[in-house]
2 protein chains.
Amino acid sequence: MRVFNFNGGPAALPLPVLREVQEEFLDWHGTGMSIVENSHRAKEVAAMATEAQNLLLELLGLSSEQWAVAFCQGGASLQFAMVPLNFAPQGTVCDYIDTGLWSSKAFQEAKICGSGARFAASSKDADYTFIPSQYDYSEKPQYVYLTSNNTVRGTQWPSFPTGAPGPLVADVSSEFLSRPLDLTDFGLIFAGAQKNVAPAGLTIAVIRRSFAITGQTGLPHMLDYRTFIDNDSMYNTPPVFAIYVAGLVFKWLKNTVGGLKAMEAKNKAKAALLYSAIDNSGGFYSGTAQVGSRSPMNVTFRLSDSSLEKPFQEEAKKEGLVGLGGHRSVGGLRASLYNALDLDAVEALTGFMAEFKRKKG
Amino acid sequence: MRVFNFNGGPAALPLPVLREVQEEFLDWHGTGMSIVENSHRAKEVAAMATEAQNLLLELLGLSSEQWAVAFCQGGASLQFAMVPLNFAPQGTVCDYIDTGLWSSKAFQEAKICGSGARFAASSKDADYTFIPSQYDYSEKPQYVYLTSNNTVRGTQWPSFPTGAPGPLVADVSSEFLSRPLDLTDFGLIFAGAQKNVAPAGLTIAVIRRSFAITGQTGLPHMLDYRTFIDNDSMYNTPPVFAIYVAGLVFKWLKNTVGGLKAMEAKNKAKAALLYSAIDNSGGFYSGTAQVGSRSPMNVTFRLSDSSLEKPFQEEAKKEGLVGLGGHRSVGGLRASLYNALDLDAVEALTGFMAEFKRKKG
């Protein structure tokens with residue numbers, strides 16, 4: 001029996017996509033081989049990867065003349081190094097906005113890479129419960145870096161800063177393709193695929209071409225965004241299986257869901273239901289993020305009696321509701337409501353929450 | 001219908017493994033989720049990854065006290081940079097043995113990384129048709145680097161140099177787990193998984209612990225082998241699906257095949273049959289590698305009338321024999337006989353070759 005999967009990532013993927021993968025796993029598109037046995041240089045595979053790139057740009061509303069897609073590996077953690085290596089060489093300055101664990105890690109990697117990284121804002125003193133709206137920018141930063149959705153703390157940027165003194169760069173891992181994004185002021189976004197898009201092992205960077213060409217030269221090939229752009233992500237063998245699943249998810253988003261606006265509406269409805277259950281629990285449950293900064297993707301909350309948080313997870317699991325533990329760095333509870341999770345999962349969760357409160361409250 | 005898959009990589013995987021993946025794809029081990037939807041931090045997944053590591057060391061005959069396994073990403077191409085970044089900082093020297101495209105690329109990345117890399121031997125002047133047996137070593141190289149099996153040129157080291165003045169480091173991508181390896185003189189081996197082990201997107205490094213601790217510090221986390229070793233390859237989200245398939249392949253190697261010695265015997269029998277068909281064709285077919293350096297994994301050959309090489313591939317494909325083109329950098333023909341390919345595939349190929357010769361010879 002399939003459970004309701006609230007994992008923070010790797011996370012739920014659309015069931016119709018998983019079924020399609022399963023069905024054609026031994027013989028992909030009449031090639032007589034599994035997708036994982038096909039050469040990445042085979043015509044059919046290259047066409048599949050190109051189609052995935054094009055679909056992604058279409059979903060994002062971006063033109064391929066201005067933007068490029070790079071299918072990378074190594075997760076956001078490798079992007080944390082690639083971004084400064086490519087765009088903030090020694091002797092330059094780059095600004096980071098610190099909204100939690102992942103932006104702190106990105107900042108540390110920039111320091112390791114020798115970049116002149118500094119914080120332009122931080123909500124650390126408030127336990128990262130909100131998204132800062134005031135920024136102390138450098139005069140000429142190479143870029144301004146932010147984490148658009150904070151999986152650990154359950155916060156999300158409602159909109160992005162305007163008028164920053166450099167191009168914006170964002171880690172959008174845990175909200176990628178959950179809503180339309182206005183990328184007017186962006187140079188680059190990237191996302192680990194394992195939240196909303198595909199199995200772990202694929203990291204997607206979407207790069208403005210005019211920004212990409214300003215990057216450093218002389219980097220190891222696999223750390224240079226241009227290697228990916230110039231070779232259509234086929235400089236070496238890419239993670240074909242994850243790209244294939246991503247392509248199916250892009251199709252599902254376009255054809256079944258109806259695009260990112262429709263996806264956003266669904267996600268807002270799911271989040272509204274859950275936040276409402278939390279807010280109307282008379283304090284039995286409480287959200288950890290400030291209201292204006294709440295993420296629709298990762299809903300973090302606590303029980304007023306924190307000793308009930310473990311039993312909450314255990315009893316929820318018995319009801320087929322799994323993955324409700326908070327990130328190991330902060331504890332508490334978290335329900336991740338990624339794209340593949342339907343409203344019925346949230347209804348099941350809020351039903352369980354009411355029942356749990358009735359029994360223990 | 002499944003074809004006979006002679007791809008150079010990504011390549012054939014064992015059919016029983018693919019069937020198992022397919023069967024449990026929607027519900028992995030009773031978790032109610034696909035393996036690709038499970039958290040990498042879930043107990044069951046962590047146990048699966050640990051079991052895969054242990055099985056790998058067992059197959060290789062290595063002790064976990066002396067050796068560590070790192071599940072990396074980025075392919076051999078990223079290893080080409082990681083090896084010198086970790087072990088050959090500026091101001092030191094490292095020796096490379098040049099046996100073709102991949103060792104040349106590794107050498108170039110070492111140069112990019114600022115290492116004092118030099119060639120201790122090369123078979124370039126002989127079109128990389130053999131494995132050099134004389135080496136002009138540096139006095140104190142940080143390591144001696146070699147490519148143990150050359151996918152493009154169809155050569156393989158029959159045994160490894162003894163008495164080198166530094167630890168050996170090898171790219172074993174296209175022969176990994178095809179035969180027992182004597183790693184007495186090695187510090188590190190690595191392999192892209194997409195030839196003999198798993199879907200593309202996983203790169204396995206096996207590192208001697210006493211060598212690992214000599215590595216540079218202050219590297220970006222995802223480029224530092226110790227990040228992988230110290231965190232059991234779970235510093236960030238690893239490519240779970242590929243690790244899972246690799247684990248199933250390790251089990252298949254151990255339980256169905258009977259270990260690496262048994263695997264080697266099967267591989268030798270397959271290669272002997274094909275080389276014999278080539279050598280006994282009266283010159284209609286000819287092998288490109290010198291006899292003492294021939295690879296049992298990648299059998300490269302030509303037709304005396306090279307204009308027949310394209311029809312050869314086209315007619316073979318009609319008979320369900322696919323992936324027989326040589327690497328795009330050299331042309332010609334190549335049959336990759338990785339572990340998952342059974343003798344019946346080679347019998348079908350040699351049968352086809354005889355028939356093709358009868359018609360065109």
Side-chain angles (χ1 to χ4, degrees), chain A residues 1-3 5 7-13 15 18-19 21-22 25-27 31-42 72-78 80-81 85 109 112-113 192 194 198-202 218-223 235-242 245 320 322-323 328, chain B residues 1-3 5 7-13 15 18-19 21-22 25-27 31-42 72-78 80-81 85 109 112-113 192 194 198-202 218-223 235-242 245 320 322-323 328:
Chain A
M1 197 202 69
R2 300 257 311 162
V3 296
N5 178 354
N7 276 342
L13 288 171
L15 189 56
L18 294 177
R19 283 198 206 284
V21 172
Q22 183 181 43
F25 192 66
L26 294 186
D27 184 359
T31 57
M33 296 176 253
S34 172
I35 179 67
V36 300
E37 299 177 302
N38 262 273
S39 170
H40 58 300
R41 308 245 176 243
C72 303
Q73 297 181 59
S77 296
L78 187 58
F80 295 165
L85 285 173
E109 292 295 317
I112 288 171
C113 294
Q194 71 274 12
L202 170 65
L219 293 170
H221 280 85
M222 292 300 288
L223 301 178
Y235 173 73
N236 71 343
T237 315
V240 174
F241 182 72
V245 178
V322 306
R328 60 205 171 109
Chain B
M1 196 204 67
R2 301 256 312 162
V3 296
N5 176 354
N7 276 342
L13 287 171
L15 189 55
L18 295 176
R19 283 198 205 284
V21 172
Q22 183 181 44
F25 193 67
L26 293 186
D27 184 359
T31 57
M33 298 176 252
S34 173
I35 179 66
V36 301
E37 299 177 301
N38 262 274
S39 170
H40 58 299
R41 308 247 175 241
C72 303
Q73 298 181 57
S77 296
L78 187 56
F80 296 165
L85 286 172
E109 293 295 318
I112 288 172
C113 294
Q194 70 275 12
L202 170 65
L219 293 170
H221 280 85
M222 293 299 290
L223 301 178
Y235 173 75
N236 70 343
T237 315
V240 174
F241 182 72
V245 178
V322 306
R328 61 204 171 110

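Just so you know, these numbers use all the heavy atoms, side chains as well, and skip hydrogens, waters and symmetry mates. The sequence lines fix the lettering, A, B, ..., with proteins before strands; numbering per chain opens at 1. As the structure is a computational prediction, the values presented were derived from the model and not from experiment.
Note on A:Ala200, A:Gly74, A:Pro238: by heavy-atom pairs under 4.5 Å with chain B, the leading option is A:Gly74. When each of A:Ser77, A:Ala81, A:Gly8, A:Ala242 is checked for heavy-atom pairs under 4.5 Å with chain B, A:Ser77 comes out on top. For the set B:Ala11, B:Gly201, B:Pro199, the count of heavy-atom pairs under 4.5 angstrom toward chain A peaks at B:Ala11. When A:Val240, A:Asn5, A:Thr31 are compared by the number of non-hydrogen pairs under 4.5 Å with chain B, A:Asn5 comes out ahead. By number of non-hydrogen pairs under 4.5 angstrom with chain A, the leading residue of B:Val322, B:Val3, B:Val21 is B:Val3. Contacts with chain B were tallied for A:Leu18, A:Leu13, A:Leu78, A:Val36; A:Leu18 has the most, counting heavy-atom pairs under 4.5 Å. Ranked by heavy-atom pairs shorter than 4.5 Å toward chain B, the options A:Ser39, A:Gly75, A:Gly192 are led by A:Ser39. Comparing B:Arg19, B:Arg41, B:His40 by heavy-atom pairs within less than 4.5 Å of chain A, the highest count is held by B:Arg41.
If you measure heavy-atom distances from B:Arg328 to chain A, the contacts under 4.5 Å come from the side chain alone. Heavy atoms closer than 4.5 Å to chain A are found in the side chain of B:Asp27, but not in its backbone. Interface remark: B:Gln22 contributes backbone and side-chain atoms alike to the contact with chain A (heavy atom separation under 4.5 Å). Within the 4.5 angstrom heavy-atom criterion, only backbone atoms of A:Leu219 (N, CA, C, O) approach chain B. Using a 4.5 Å cut-off between heavy atoms, B:Val245 makes no contact with chain A at all. With a 4.5 angstrom heavy-atom cutoff, B:Ala12 touches chain A via backbone and side-chain atoms both. At a 4.5 Å heavy-atom cutoff, the contact between A:Glu109 and chain B is made by side-chain atoms alone.
The side chain to side chain contact (heavy atoms under 4.5 Å, CB included) search around A:Gln73 returns A:Pro239, B:Gln73, not counting sequence neighbours. B:Arg2 pairs by the side-chain hydrogen bond (donor to acceptor under 3.5 Å, both in side chains) definition with A:Glu37, not counting sequence neighbours.
For the atom pair A:Leu85 CG and B:Leu223 CG, the distance stands at 7.5 Å (nearest 0.5 Å).
A perpendicular orientation is assigned to the rings of A:Phe241 and A:Phe25, their planes being inclined by more than 60° (bins at 30° and 60°).
Side chain of A:Asn7 to backbone of B:Asn38: no donor-acceptor contact under 3.5 angstrom is found.
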